[in-house]
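So the structure is just underneath, and the comments pick up after that.
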Amino acid sequence: MTDNQVVVVPEDLCQELVSRTDAFAAVEQVFAAMGRGDARNFPVVREAIGHAEALFGFKSGFDKAGMALGLKAGGFWPGNADRGLTNHQSTVFLFDPDTGRLKALVAGNYLTAVRTAAASSVSIRHLARDDAKVLGMVGAGHQAQFQLRAAVEQRSFEKVVAWNPHPDMLPKLEAVATELGLPFEAVSQQELGAQADVIITITSAFEPLLMLDWIKPGTHIACMGTDTKGKQEVDPELVAGARVFTDEVAQSVQLGETQHAVAQGLLDEGAISPIGKVINGDHPGRQGDDEITLFDGTGVGLQDLAVAATAAALAAKQGRAQTVSL
Ligand code: NAD
């Protein structure tokens, strides 16, 4: 039996290797593969483990086009902050699709943030109006900073307006906007809706934070925080009033932002389109300047595999891969 060389890519190396541009390309490609039916996510496992109030689970899948097979294992440990650790912890395992042998172990914390930001960024590129000028941020936690950096690369934004349920968290987001050379204004939710051309929601909310009446015609909204049953960031009437896109329809109606509108009979599952079809040119996307478009970014395992495969490939190419025999 031949030795199996497994590539190991730690957190700090992932941060050095995988740029926002790399993550964008990886996520856009895998959404396109999903849209063609060339890549499939497997059912998500997510369980309370009954210890440390932790949630643990797996997101897995196979991208036949990119030949990425594997899973992300990890979850949420609320007590980690007190230990100086990130609450969300994850690791990606990549396997050889031809033999099933483990190929790579890739740290997943930075990659989760950068792939989630890439997803909303892909939605902005394909769905927002070209003349979008004001970016609205709802949320100011760990992910929000990544979201902001990725979003501003898609349109010529001139200003950032933001609202967060915990206003004391906004200065950190303001610092990022300032670094990016953009004026920043903390506003009410209604004012955010009145000003923003593109809105990103990235909170842990369980109730609507934005109502349909507050949103301007032509706005693009990327709902990124709702990734679990029961979570919610926007009014179901707003979801129903928009042209809706998602990463994966089955996951969107089950645990994404559309779960509430669909459960209330306001939105038909058939009216939700995979963003991959827009990327592939099989769906026109936005169909008018006054349309509200909404992207429900639920976060799929294939995104994780795509960026982890990029990290492993770059590590190998640059001769920076650590390997272990297994
Ligand atoms: P964080 O803990 O750093 O920040 C949480 C954010 O939510 C803050 O803005 C906070 O003010 C707000 N918040 C906290 N409790 C709230 C409540 N009860 N009601 C309304 N807002 C509340 O978390 P993060 O790492 O920035 O993640 C934000 C959200 O994004 C989480 O829900 C997380 O599960 C989700 N997420 C989604 C994906 C995806 O692919 N879609 C990926 C990673 C994280």
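Counting convention: from 1, in listed order, for ligands and their atoms alike.
Dense packing is recorded around CD of Gln5, with more than 12 heavy atoms of other residues, nucleotides or ligands lying under 6.0 Å away. Environment of CD in Gln190: crowded, with over 12 heavy atoms of neighbouring residues, nucleotides or ligands closer than 6.0 Å. Applying the 6.0 Å contact sphere to CZ of Arg40 captures no more than 12 heavy atoms from other residues, nucleotides or ligands.
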Between the protein and ligand 1, which nitrogen or oxygen pairs come in under 3.5 Å, and how far apart is each?
from, atom 1, to, atom 2, distance (Å)
ligand 1, 3 (O), His142, N, 2.8
ligand 1, 7 (O), Ser204, N, 3.0
ligand 1, 9 (O), Ala140, N, 2.9
ligand 1, 9 (O), Asn164, OD1, 2.6
ligand 1, 11 (O), Asn164, OD1, 3.3
ligand 1, 11 (O), Asn164, ND2, 3.0
ligand 1, 11 (O), His166, ND1, 2.5
ligand 1, 26 (O), His142, N, 3.2
ligand 1, 26 (O), Gln143, N, 2.9
ligand 1, 32 (O), Thr203, O, 3.1
ligand 1, 32 (O), Gly225, O, 3.2
ligand 1, 32 (O), Lys231, NZ, 2.7
ligand 1, 34 (O), Asp227, OD1, 3.3
ligand 1, 34 (O), Asp227, OD2, 2.9
ligand 1, 34 (O), Lys231, NZ, 2.9
ligand 1, 36 (N), Asp227, OD2, 3.4
ligand 1, 40 (O), Arg115, NH1, 2.7
ligand 1, 41 (N), Met224, O, 2.8
ligand 1, 41 (N), Gly297, O, 2.8

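Listed by first and then second residue, the ring-ring contact (aromatic ring centres under 6.0 Å, His included) pairs involving residues 167-192 amount to none (not counting sequence neighbours). Residue pairs satisfying the side-chain hydrogen bond (donor to acceptor under 3.5 Å, both in side chains) criterion with at least one member in residues 21-31, sequence neighbours excluded, are listed as follows: Ser19-Asp22, Glu28-His126.
By the ring-ring contact (aromatic ring centres under 6.0 Å, His included) test, Phe24 pairs with no residue at all, sequence neighbours left out.
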